[in-house]
Protein chains: 2
Amino acid sequence: MEIAKDVGRRTAPATLQDVAARAGVSIKTVSNVVNDYTHVRATTRAKVQAAIDELKYQPNMTARSLRSGRTGVISLAVPELSLSYFAELADGVIRAAERHGLVVLIEQTGGDRDREIELLTSTRLHLSDGLIFSPLGMDSDDAHHLDVPYPMVLLGERIFGGPVDHVTMRNVEAARAATEFLISRGRKRIAVIGAHEGEVVGSAALRLQGYREALAAAGLPFDEALIGPTGLWHRHDGLVAMKAMLDRGVEFDAVFGLNDTLALGAMRVLQEARYKIPDDVFVMGFDDLDETQYSLPALTTVDPGRAEIAEMAVKVLLDRIGARGSRSQPPLQHLTEFAIRERESTG
Amino acid sequence: MEIAKDVGRRTAPATLQDVAARAGVSIKTVSNVVNDYTHVRATTRAKVQAAIDELKYQPNMTARSLRSGRTGVISLAVPELSLSYFAELADGVIRAAERHGLVVLIEQTGGDRDREIELLTSTRLHLSDGLIFSPLGMDSDDAHHLDVPYPMVLLGERIFGGPVDHVTMRNVEAARAATEFLISRGRKRIAVIGAHEGEVVGSAALRLQGYREALAAAGLPFDEALIGPTGLWHRHDGLVAMKAMLDRGVEFDAVFGLNDTLALGAMRVLQEARYKIPDDVFVMGFDDLDETQYSLPALTTVDPGRAEIAEMAVKVLLDRIGARGSRSQPPLQHLTEFAIRERESTG
DNA sequence: CTGAAAGCGCTAACAA
DNA sequence: TTGTTAGCGCTTTCAG
């Protein structure tokens, strides 16, 4: 931001020129001091520093950016911050970026395919050094749109094999582990909330696949009646899907919400219907939202390594930014570690 | 972001110079076309536009910013996005900013006083045009730190009468209205969850004041036993405070959570203890979080005008940015409209 | 209607 | 160790 001083009357901010004049040295010397260049005589440095303090000089970041070609800003594009998962992801990215001396500009796409595609070519985020992009509306057919002329890191499970670095969680393995966890606790009829019919890629499909793998490995049958589809993954959807399943009179001894929000919604319906959790039924979520620690009972869930996703996304992006111009490496896929967070909802 | 083209081999992005050369005109003419300057001959415009397309020219925002003194970026500083209230606030600010052609950079302070103060003088956000600041750790004693040399808008209830524009909700009136709503429905013993002992300013104090005013106006006694203090305003705090009140055997016919998160936590405990909501007890929240529409029962709450807060904050900030250098107006306080959102938890 | 040129504030090569 | 100077890419007087 532009600097001015004195209350009421605004003065033009001090420049390197001003400081140089004040200190009786050249502009280069001031620049050296500001940038902690080593070869500056101590007395000179002190003199310049004094001038800097008196004039309350602060470097003009815009000018610096123009000169250096870097802004120190990265962009993060998510569907919407109102969804806890993305809010917590953004939180993680901001923290990780801060550790690397970067600052984060956030765009919301609403999960709309067209807006996502438009964003990629938008001139709006052109003063950031790169983009961390979490698409929701685009799918693998749109992957070519990801071939953008600036550093980008892709997040999530909508698109695989695109032309950019990709950081994502081990959805299949994690869902399989979650299901195995339930099976190991003696559960045999595990309902799933949040399936997307006919989807082959995407979080829902991958997690459902993990679920099926676990059943198969344990020799348990896959029962279509235990699959509760939902359109979106909001709490309300979990609520409705669970209610529908109860109404159908399906028997089950555990519920696996494909994300925490769904699981919390389902849990609510179960308790309303007088099911005891975990006595009558186990409930498992996915995402490890903050909230799951505080629900009643606290929700057992899969920690997809969100902190690691954020940290790695920033790191990978930074690597690409640093590699500008050099013969670039082929896009890599980075998978994060997951862990089951065992809480009260599973015994 | 820097533009390059061709897969694999990165080329320097096209500049105005390049386009001018390609089109056989001067750089000024290209600039005119890019900026939709009116007095350009149609044929010239077409010629230039062709060159722009061929070279995939995109203006360098950094250079433009240096020249114009504006970046089109504003910063938003909040405690943390993991708290739904701030995530939804950020959502609103991003949307409002977008309507004004601005983009938003988000900083997290953790609600820590020292970090908040440090942020205000940090050089990190110097490439934004202004700041929307929602402090949580600072208090009125720190108000002088808000006298910064760049446009700023203050949000929230921590500091009043500071040297900057302030956008805030009508806490006292809104809490009073909420309480009156409960009273009008026949409630006489209204428990409060989330009070902060000894606080005189801040959301908790103001909302408690509104509660007391409503009681007084209705001729109802203020009973200290009905006040449930909490340190923070997380779901868990609501849960604990409600539990404590039940353990103390206090009688009540309504619960007013000073924010939604508290109310949802309290609601959970009540249901666990077999209270029927709203049959046995009414529950009222404050904030109108998205989630309150989907809880069971859906939570009646106060909509503090968050969308309006976001919109107004951006608008006021933009006014200040525009008024740079001119004799500035004294700081103003802007109060938003509130509304009771009546849902299932109150009958 | 279009061109020439100055300069936003800074960094960095090159000189001294 | 410090000074001089040429741009980074753009907007914007001022001429023509």
Side-chain angles (χ1 to χ4, degrees), chain A residues 1-4 11-49 51-52 55-72 123 126-127 129 150 324-325, chain B residues 1-4 11-49 51-52 55-72 123 126-127 129 150 324-325:
Chain A
M1 294 173 233
E2 221 172 272
I3 304 303
T11 312
T15 71
L16 273 190
Q17 294 280 8
D18 301 333
V19 177
R22 190 88 161 83
V25 299
S26 89
I27 172 179
K28 175 59 178 9
T29 304
V30 181
S31 177
N32 283 340
V33 172
V34 170
N35 297 305
D36 288 323
Y37 183 63
T38 32
H39 302 296
V40 179
R41 198 183 301 157
T43 56
T44 313
R45 180 183 297 278
K47 199 168 54 179
V48 170
Q49 191 57 53
I52 287 176
L55 271 52
K56 298 199 203 310
Y57 168 76
Q58 299 222 233
N60 178 318
M61 298 314 264
T62 310
R64 191 176 271 185
S65 296
L66 174 58
R67 192 56 239 246
S68 68
R70 293 277 186 79
T71 60
T123 178
H126 272 27
L127 44 60
D129 293 333
Y150 47 82
R324 273 297 184 57
Chain B
M1 296 175 231
E2 218 172 274
I3 304 302
T11 312
T15 71
L16 272 191
Q17 295 278 10
D18 302 332
V19 178
R22 192 89 163 81
V25 299
S26 87
I27 172 179
K28 174 61 175 23
T29 304
V30 181
S31 176
N32 283 341
V33 172
V34 171
N35 297 303
D36 286 324
Y37 184 64
T38 32
H39 302 296
V40 180
R41 198 183 301 155
T43 58
T44 313
R45 179 182 298 276
K47 197 169 52 180
V48 170
Q49 189 57 53
I52 287 177
L55 272 52
K56 298 200 204 311
Y57 169 76
Q58 298 223 229
N60 178 317
M61 297 314 264
T62 312
R64 191 176 271 184
S65 297
L66 174 58
R67 191 54 238 245
S68 69
R70 293 278 187 80
T71 60
T123 177
H126 272 28
L127 45 61
D129 293 333
Y150 47 81
R324 273 296 183 59

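Naming: A, B, ... by sequence-line order, numbering from 1 per chain.
Of all non-hydrogen atoms in A/V34 and A/I52, the two that sit nearest each other are CG2-CD1, 4.0 Å. Taking both residues in full, the closest heavy atoms of B/A20 and B/S26 are given as CB-C, 3.8 Å, listed atom of the first, atom of the second, then distance. Scanning all heavy atoms of the two residues, the minimum distance from A/G72 to A/D129 falls at N-OD2, 2.8 Å.
The side chain of A/R67 approaches C/dG9 more closely than any other nucleotide in the set C/dG3, C/dG9, D/dT11. Looking at the side chain of B/N60, the nearest of the listed nucleotides D/dT13, D/dG9, D/dT4 is D/dG9.
We find that CG of B/L127 is positioned 15 Å from C1' of C/dC8, with the value rounded to whole Å. The OH-C1' distance, from A/Y57 to C/dG9, rounds to 7 Å in whole Å. Distance CD (A/Q17) to C1' (C/dT11): 13 Å, rounded to an integer number of Å. One can place CG of B/N35 at 13 Å from C1' of D/dG9, the figure rounded to the nearest angstrom. In this structure, A/I52 atom CD1 and C/dC10 atom P are separated by 10 Å, rounded to whole Å. Taking atom NZ on B/K28 and atom P on C/dG7, their separation rounds to 18 Å, with Å as the unit. Distance A/M61 CE to D/dC8 P: 21 Å, rounded to the nearest Å. Atom CZ in A/R70 sits roughly 20 Å away from atom C1' in C/dG9 (whole-Å rounding).
Looking at heavy-atom distances under 4.0 Å, B/V34 makes no contact with the nucleic acid at all. Residue B/T44 is classed as a sugar-phosphate contact, given heavy-atom separations below 4.0 Å to backbone atoms only. Using a 4.0 Å heavy-atom criterion, one finds that B/S31 contacts the bases of the nucleic acid, with or without backbone contacts as well.
Each of B/L66 and B/G24 has a nearest nucleotide on DNA chain C; the 5'-most of these lies closest to B/G24. The residue among B/V25 and B/A63 whose nearest nucleotide of DNA chain C is located toward the 5' end is B/V25.
When each of B/D36, B/T29, B/N32 is paired with B/R45, the side-chain contact (heavy atoms from CB on, under 4.5 Å) condition holds for B/D36 and for no other.
Within the structure, a side-chain polar atom (N or O) of A/S26 is placed less than 4.0 Å from OP1 or OP2 of D/dG3. The side chain of A/N32 contributes no N or O atom lying less than 4.0 Å from OP1 or OP2 of D/dT1. Side-chain nitrogen and oxygen atoms of B/T29 include at least one within less than 4.0 Å of the OP1 or OP2 phosphate oxygen of C/dG3.
The backbone N or O of A/I27 lies less than 3.5 Å from no partner atom in the side chain of A/S31, so there is not a single donor-acceptor pair.
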